[in-house]
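Below you'll find the structure, written out as structure tokens, and then a few comments.
Every chain is numbered from 1 and lettered A, B, ... according to where its sequence line falls, protein lines coming before strand lines. Every value quoted in this text rests on a predicted model; they were computed, and no experiment measured them.
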Amino acid sequence: MAKNITPREEDYSQWYLDVIKAAELADYAPVRGCMVIRPNGYSLWEMIQKHFDEAFKDTGHVNAYFPLLIPNSFLEKEADHVEGFAPECAVVTHAGGEELEEPLVVRPTSETVIGHMYSKWVQSWRDLPVLINQWCNVMRWEKRSRLFLRTSEFLWQEGHTAHATKEEAMEETLKMLEVYRKIMEEMLALPVITGEKSEGERFPGADNTFTCEAMMTDKKALQAGTSHFLGQNFAKAFDITFQSREGVLEYAWTTSWGVSTRLIGAIIMTHSDNDGLIIPPYVAPVKAVILPLGADESKLAGLYEPKAQELAATLNEILGKRSVKVDTRYHMRPADRFFYHLQRGIPLRIELGEKEYSKESVRLVRRDTGERFDVSWDKAPEVVKETLDAIQANLYRRAKDFREANTHYVESFDEFKKVLEEKGGFIKAYFAGGKEEERAIKEATTATVRCFPLDEEHTRGKCFYTGKEGARLAIFAKAY
RNA sequence: CGGGGCGUAGCGCAGUCUGGUUAGCGCACCUGCUUUGGGAGCAGGGGGUCGAAGGUUCGAAUCCUUUCGCCCCGACCA
């Protein structure tokens, strides 16, 4: 048992922080609410980025970069947007030793600057669609921060697209939601429920927001990514107009969608255990580490290590450059080296000592299950790959089973409160309420509507709260 | 912004109430020896002026005033 990690059952949020610390993912910065993403955390982010970036490009998007600073007046052009974001904006009032004529806002999101630029770039229906993404940092001065889940500054990706028709924009919104789902599930091993946000949970300025909701191992919900259908709100605010085929001047239809470093928090709270971090193999910067073991230095240097290097080279060809490392820190005792990699979440440990060498084998130890078994040198590359696939599949399956075991259906508010208190987790219920009812439920229970799942889009029933017929199926939960 | 906790060595803390020798302890770190397949043992060693400013006093980590910051819990949010 790890001696530097608070057990999850004892104090979940302390456990979370301990895991981050032990794995050296991040550290507190000198500025309140800000974090330093350390190499272990950043390389994980790079892996996540890589998968999403590929998918964005595969769906026809291109990357660009817009500035960090936004004129204050831009924020004010869209009423809901300013209302939603103004309270959490950091504002630059001085520069170059002088007070600025107009304060500059550090972007909390870039719809406004991008809208401004799109209005210059879009003239004709031939200029559409515009499909741009940017990887950047944003700043939201939240009252309360939590490493990776909510920091004043965070890294993310924001896609911003403009289209000629409403249908096409809606199609884009849902397409990107699906891209998110696919990568979260297949690469990050995060089972998510995709759905539509309720009125009260929408992005400020959007007509409609769609989300990927995941369940953490404390049974709370985490919004892992969102895709917004912005209608013509920003097009009207920023005058993004184009002349149609028919020669009529029309407003464009826009979308925006984002995932952030919060996904690292999701990975931690979905897969890790009391020994520390567990990284799904497909996003693990280091997928396996080979440890030459033994007290005999001449054998280490002369036999085990060369064999380990040779195996690493073969594996790197199959799994991708730098995905397998050889740990040659012989000044550390084996147990210390085991724990080192255990806490950093390396999916697979490969041991090569005297016992293995004499049998021309290596020992594999899975991070997810602790299971260990030997495999011969000639079979090792194949088996390592298979095992990594198996770990990936197991992490996903485990998380999904957990979510399903902790999802309950209710038909009345009394039942809702009872289930929430006694069991927690996700609650499925037909719901026909609006903003007012959402708020009342939240005040009474702290649970919120996470989404109306898309795969239940056509089911209808009697609202558990208002009793109205024809209500949509919703998922409620306490959320991060 | 409300509630709670806390700033003393890299980290975690004791010492503060009841001012008084060179400010301690554990982990980490450095050196050596012995160990080495799930967090080693012994020996030696380096490192802090006690968040900051002001005050009281012969004397302040300790008392007083002011101030800055951080963490946790809540309301707000990716």
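The side-chain heavy atoms of Leu311(A) and Val362(A), taken from C-beta on, include a pair separated by under 4.5 Å.
Look at the C1' atom in both C27(B) and A40(B): the space between them is 14 Å, to the nearest Å.
Sorted by residue number, the members of residues 351-373 of chain A with any non-hydrogen atom under 4.0 Å from RNA chain B read Glu351(A), Gly353(A), Glu354(A), Lys355(A), Glu356(A), Val365(A), Arg372(A). Near RNA chain B, defined here as any heavy-atom distance below 4.0 Å, the residues from residues 13-27 of chain A are Ser13(A), Leu17(A), Lys21(A), listed numerically.
The listed nucleotides are G37(B), A40(B), A78(B); the one nearest the side chain of Phe338(A) is G37(B). Here the nucleotide nearest the side chain of Arg262(A), chosen from A78(B), C73(B), G38(B), is A78(B). Across A78(B), G39(B), U36(B), the shortest atom-to-atom separation from the side chain of Ala295(A) is found for U36(B). Proximity note for Arg146(A) (side chain, C-beta onward) versus U36(B), A75(B), C73(B): the nearest is C73(B). Taking every side-chain heavy atom of Arg140(A) into account, C77(B) is the closest of C77(B), U36(B), G39(B). Closest to the side chain of Phe154(A), out of G37(B), G39(B), A78(B), is A78(B). For Glu142(A), counting side-chain heavy atoms from C-beta on, the closest listed nucleotide (C77(B), G38(B), A75(B)) is C77(B).
Residue Thr448(A) is out of contact with every strand shown, counting any heavy-atom pair closer than 4.0 Å. Contact annotation for Gln157(A): no contact, since no heavy-atom pair falls under 4.0 Å across all strands.
By the 6.0 Å and 45° rule, Arg398(A) does not stack over the aromatic ring of Tyr396(A).
Within the 4.0 Å cut-off from OP1 or OP2 of U36(B), not a single side-chain nitrogen or oxygen of Lys299(A) is found.
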Stepwise, does the salt bridge (Lys or Arg N to Asp or Glu O under 4.0 Å) test hold for Glu213(A) with Lys197(A)? CA-CA 10 Å; Glu213(A) 295 287 325; Lys197(A) 278 292 184 188; 2.8 Å; yes
Worked check of side chain to side chain contact (heavy atoms under 4.5 Å, CB included) between Glu356(A) and Trp377(A): CA-CA 9 Å; Glu356(A) 291 78 15; Trp377(A) 290 343; 5.6 Å; no
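For the pair His81(A) NE2 and A78(B) P, the computed distance is 12 Å after rounding to whole Å. Between the P atom of G37(B) and the OH atom of Tyr304(A) lies a distance of 14 Å, rounded to the nearest Å.
Pairs of Watson-Crick or G-U wobble type, with distances under 3.5 Å, assemble into runs of 3 or more in RNA chain B at these ranges: B:1-7 with B:68-74, B:10-13 with B:24-27, B:29-34 with B:40-45, B:51-55 with B:63-67.
The residue among Glu153(A) and Arg333(A) whose nearest nucleotide of RNA chain B is located toward the 5' end is Arg333(A).
Donor-acceptor pairing under 3.5 Å, judged by distance alone, is present between the side chain of Arg349(A) and the base of G38(B).
Looking at Thr270(A), its side chain never comes within 3.5 Å of a backbone N or O of Ile267(A) through a donor-acceptor pair.
Residue-nucleotide stacking is present for Phe339(A) and G39(B), judged by a side-chain ring centre under 5.5 Å from the six-membered base ring centre and planes under 30° apart.
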